Student: 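I am attaching a structure below and will ask some questions about it afterwards.
Every heavy atom of this structure was used, including side-chain atoms; hydrogens, water molecules and symmetry mates were not. Just so it is clear, the model here is predicted, and its values are computed rather than measured.
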Amino acid sequence: MNNTPDFNNVIDRKGTFCTQWDYVKDRFGQEDLLPFTVSDMDLNVPSEIVTALKDRLSHEVFGYTRWNHDYFKEAIVSWYQRRYDTKIADDWIVYSPAVIFSVAKLIEMWSNPGDGVLVQTPAYDAFFKVIESNDRQLVENPLHYVEGVYTIDFEDLAEKLAYDTTKILLLCSPHNPTGRIWTNKELEKIVELCEKHQVKIISDEIHMDVNAPEHQAYPLVRLNRYLDNIAICTSASKTFNTPGLIGSYCVIPSEKVRADFLIALKNKNGLSSTSILGMISTVVGYNDCAYWVDALNEQVAANMQVIADFLAEHLPAVTFKKPEATYLAWLDVSALGYSGEQLQEALINIGKVAIMPGATYDPGNDHFIRFNVGCSQAKLIEGLNRMKIAVSALNNSK
């Protein structure tokens, strides 16, 4: 019988070298803040994963580890089939230590310095960094934002994909930070335009498994089109809260692209061995813990409703539309009437709460904050109350 996860168990993560808790000062300048920041969760991983890791640790030898075998690949193939009714071939799968590492390698393979990489903004901030640091040009396709809903500006997208210098679309599906799940119609249009203009697609699908129960995301390869020019970069680490165990993978249908990727991985970067614990957690999660993901999605949905109810009662000037995917709430704070700098100063110094500023994901736009709800409801409510205190102090200072 599956263990029922207790997602409202409050877990003390301090003293574990935790980025979100122990190093909050690095980004926010103070140590004593309640954090809702980087996208990992304050939740216990599935007990099946913990048991499997303990069993492996009892062996007490941790040598170089291969990933290219049925144990690893069949778990991924089965997950895609059961979860998304999507058939992928096992030889499409290649290991990578991290999603952004994979993105960087594919950008190097599919473009040259000075070429354009198109991104829909707002966007995950690591996208900006990996494009700039690889000496490529950021090409922005700003999303339409109307009454709390984000949609793709396809006219702008078509225009910018047609640039001679645009070589890659770096897609985020589902989208971080807005929480949109792109519909099949939207994805088909994206692929159609990229095929027309011969632009490669790198699809970051790490948030695929975390979706509102009434919504469903699908892998881009499910369209079964333009496959030789598409690479999915993803990981089970976001799903099962195991990023510290290290490990991701790509789904690359093209045999040539896979071969080039593995040459870059092993020969250029010296990465032929995987993290044994990361691999085991991926396999056990996919094979045994679908029930846990279902429960997680119910918890995230409940937390999103807590935010909606709290804001409606206490901070009605803040606009919030519950996301279709991710455990990240994207809050429109523009009607509060304060600059992003003013709001952050109050959140940090008065509310003692760390919430990511929207300008991180859309430079120059300080109308939003990104609130991580992958936590207990007790922590979430405490964070919302601290936010209310900060805003009240700003209002009283007028």
Student: Starting at CE of Met41, measure out to CG of Leu296 and round the result to the nearest 0.5 Å.
Tutor: 4.5 Å
Student: Decide yes or no on side-chain contact (heavy atoms from CB on, under 4.5 Å) for Leu384 and Leu315, but give the supporting numbers first.
Tutor: CA-CA 10 Å; Leu384 289 168; Leu315 292 169; over 6 Å; no
Student: Using a strict 4.0 Å threshold on nitrogen-to-oxygen distance, state whether Asp209 and Arg83 make a salt bridge.
Tutor: no
Student: Is it the case that more than 12 heavy atoms not belonging to Glu132 sit under 6.0 Å from its CD atom?
Tutor: no
Student: Quick one about Tyr71 and Asn287 (side-chain donor to acceptor, distance below 3.5 Å, no hydrogens or angles considered), yes or no?
Tutor: no
Student: Report the distance from atom CG of Leu169 to atom CG of Asn229, rounding to the nearest 0.5 Å.
Tutor: 12.0 Å
Student: Indicate the ring-plane relationship of Tyr150 and Phe368, choosing parallel, tilted or perpendicular according to the 30° and 60° boundaries.
Tutor: tilted
Student: State plainly whether the residues Lys196 and Glu192 are in salt-bridge range, i.e. N to O under 4.0 Å.
Tutor: no
Student: Would a single hydrophobic cluster contain both Val149 and Trp182, if residues Ile, Leu, Val, Met, Phe, Trp and Tyr are joined by side-chain heavy-atom contacts under 4.5 Å?
Tutor: no
Student: Evaluate side chain to side chain donor-acceptor pair (under 3.5 Å) for Asp153 paired with Gln120, printing each intermediate quantity in order.
Tutor: CA-CA 9 Å; Asp153 183 343; Gln120 282 146 345; over 6 Å; no
Student: Hey, are the side chains of Lys73 and Trp67 touching, using non-hydrogen atoms and a 4.5 Å cut-off?
Tutor: yes
Student: Checking Ser275 side chain against Gly247 main chain: does a donor-acceptor pair fall under 3.5 Å?
Tutor: no
Student: Roughly how far, to the nearest 0.5 Å, is NZ of Lys87 from CD of Gln81?
Tutor: 6.5 Å
Student: List the steps and the verdict of side-chain contact (heavy atoms from CB on, under 4.5 Å) for Leu220 and Ser173.
Tutor: CA-CA 8 Å; Leu220 190 62; Ser173 179; over 6 Å; no
Student: Show which residues join Ile389 in its hydrophobic cluster (side-chain heavy-atom contacts under 4.5 Å, direct or indirect), or state none.
Tutor: Ile350
Student: Please check if the side chain of Asp332 supplies one atom and the backbone of Ser334 the other of a donor-acceptor pair under 3.5 Å.
Tutor: yes
Student: Side chains of Pro174 and Glu324: does their closest heavy-atom pair fall under 4.5 Å?
Tutor: no
Student: Could you tell me how the ring of Trp292 sits relative to the ring of Phe7: parallel (under 30°), tilted (30 to 60°) or perpendicular (over 60°)?
Tutor: perpendicular
Student: Considering the options Thr360, Thr326, Asn176, Thr37, which one meets the side chain to side chain donor-acceptor pair (under 3.5 Å) requirement together with Arg370?
Tutor: Asn176
Student: Hey, are the side chains of Gln299 and Asn8 touching, using non-hydrogen atoms and a 4.5 Å cut-off?
Tutor: yes
Student: Consider only side-chain heavy atoms of I, L, V, M, F, W and Y, link residues closer than 4.5 Å, and tell whether Ile206 and Val45 are in one cluster.
Tutor: yes
Student: Between Ser203 and Glu205, is there a side-chain donor-acceptor contact under 3.5 Å, judged purely by atom types and distance?
Tutor: yes
Student: Would the number of heavy atoms belonging to other residues, nucleotides or ligands and lying under 6.0 Å from NZ of Lys352 be above 12?
Tutor: yes
Student: Would you say Lys238's side chain and Ser39's backbone share a donor-acceptor pair under 3.5 angstrom?
Tutor: yes
Student: So, taking the atom named CZ in Phe310 and the one named CE in Met387, what distance separates them when rounded to the nearest 0.5 Å?
Tutor: 8.5 Å
Student: Tell me if the aromatic rings of Tyr249 and Tyr95 count as close, with their centers under 6.0 Å from one another.
Tutor: no
Student: Applying side-chain contact (heavy atoms from CB on, under 4.5 Å) between Ile93 and each of Val77, Asn68, Ile252, report the one that passes.
Tutor: Val77
Student: Treating Arg225 as the side-chain partner and Leu223 as the backbone partner, does any N or O pair qualify as donor plus acceptor under 3.5 Å?
Tutor: no
Student: Please round to the nearest 0.5 Å and tell me the distance separating atom CG of Asn297 and atom NE2 of His215.
Tutor: 11.5 Å
Student: I'd like to know if the side chain of Asp366 reaches the main chain of Pro357, judged simply by a donor and an acceptor atom lying under 3.5 Å from each other, with no hydrogens or angles considered.
Tutor: no
Student: Decide whether Arg222 and Tyr84 meet the rule of one side-chain donor and one side-chain acceptor closer than 3.5 Å.
Tutor: no
Student: Between the side chains of Tyr291 and Glu48, does any donor sit under 3.5 Å from an acceptor?
Tutor: yes
Student: Assess the side chains of Asn184 and Glu188: does a donor N or O sit below 3.5 Å from an acceptor N or O?
Tutor: no
Student: Side-chain heavy atoms nearer than 4.5 Å, only ILVMFWY residues, links allowed to pass through others: does that put Val38 and Leu380 together?
Tutor: no
Student: Heavy-atom count check: over 12 atoms from other residues, nucleotides or ligands less than 6.0 Å from Glu31 CD?
Tutor: no
Student: Going by heavy atoms in the side chains, are Trp330 and Tyr361 under 4.5 Å from each other?
Tutor: yes
Student: Do His314 and Val391 touch side chain to side chain, with heavy atoms closer than 4.5 Å?
Tutor: no
Student: Say whether Trp110 and Asp115, considering side chains only, have a donor N or O and an acceptor N or O under 3.5 Å apart.
Tutor: no
Student: Do any N or O atoms from the side chain of Lys25 and from the backbone of Asp22 form a donor-acceptor pair under 3.5 angstrom?
Tutor: no
Student: Same cluster for Tyr327 and Val10 if Ile/Leu/Val/Met/Phe/Trp/Tyr side chains link at under 4.5 Å?
Tutor: no
Student: One pair to check against side-chain contact (heavy atoms from CB on, under 4.5 Å): Tyr226 and Gln198. What are the steps and the verdict?
Tutor: CA-CA 10 Å; Tyr226 200 49; Gln198 290 301 290; 4.0 Å; yes
Student: Is it the case that atom CD in Glu345 sees more than 12 heavy atoms from other parts of the structure closer than 6.0 Å?
Tutor: no
Student: Other residues, nucleotides and ligands only: do more than 12 of their heavy atoms fall within 6.0 Å of CD on Glu155?
Tutor: no
Student: Say whether Ile381 and Leu43 are linked into one hydrophobic cluster, either directly or through other cluster members, by side-chain heavy-atom distances under 4.5 angstrom.
Tutor: yes
Student: Would the number of heavy atoms belonging to other residues, nucleotides or ligands and lying under 6.0 Å from CG of Asp26 be above 12?
Tutor: yes
Student: If you apply the rule side-chain contact (heavy atoms from CB on, under 4.5 Å), what do you find for Lys189 with Ile152, and how did you get there?
Tutor: CA-CA 10 Å; Lys189 183 66 173 177; Ile152 297 170; over 6 Å; no
Student: Keeping the roles fixed (side chain from Thr274, backbone from Ile276), state whether a donor-acceptor pair exists under 3.5 Å.
Tutor: no
Student: Would you say that more than 12 heavy atoms from the other residues, nucleotides or ligands in this model lie under 6.0 Å from the CD of Gln216, or not?
Tutor: yes
Student: So, does Ser397 use its side chain to make a donor-acceptor pair with the main chain of Leu394 at under 3.5 Å?
Tutor: yes
Student: Are more than 12 heavy atoms from other residues, nucleotides or ligands located less than 6.0 Å from atom CZ of Arg13?
Tutor: yes
Student: If you round to the nearest 0.5 Å, how far is SG of Cys250 from CH2 of Trp92?
Tutor: 14.0 Å
Student: Please answer whether the main-chain N or O of Asn365 pairs with a side-chain N or O of Asp362 as donor and acceptor at a distance below 3.5 Å.
Tutor: no
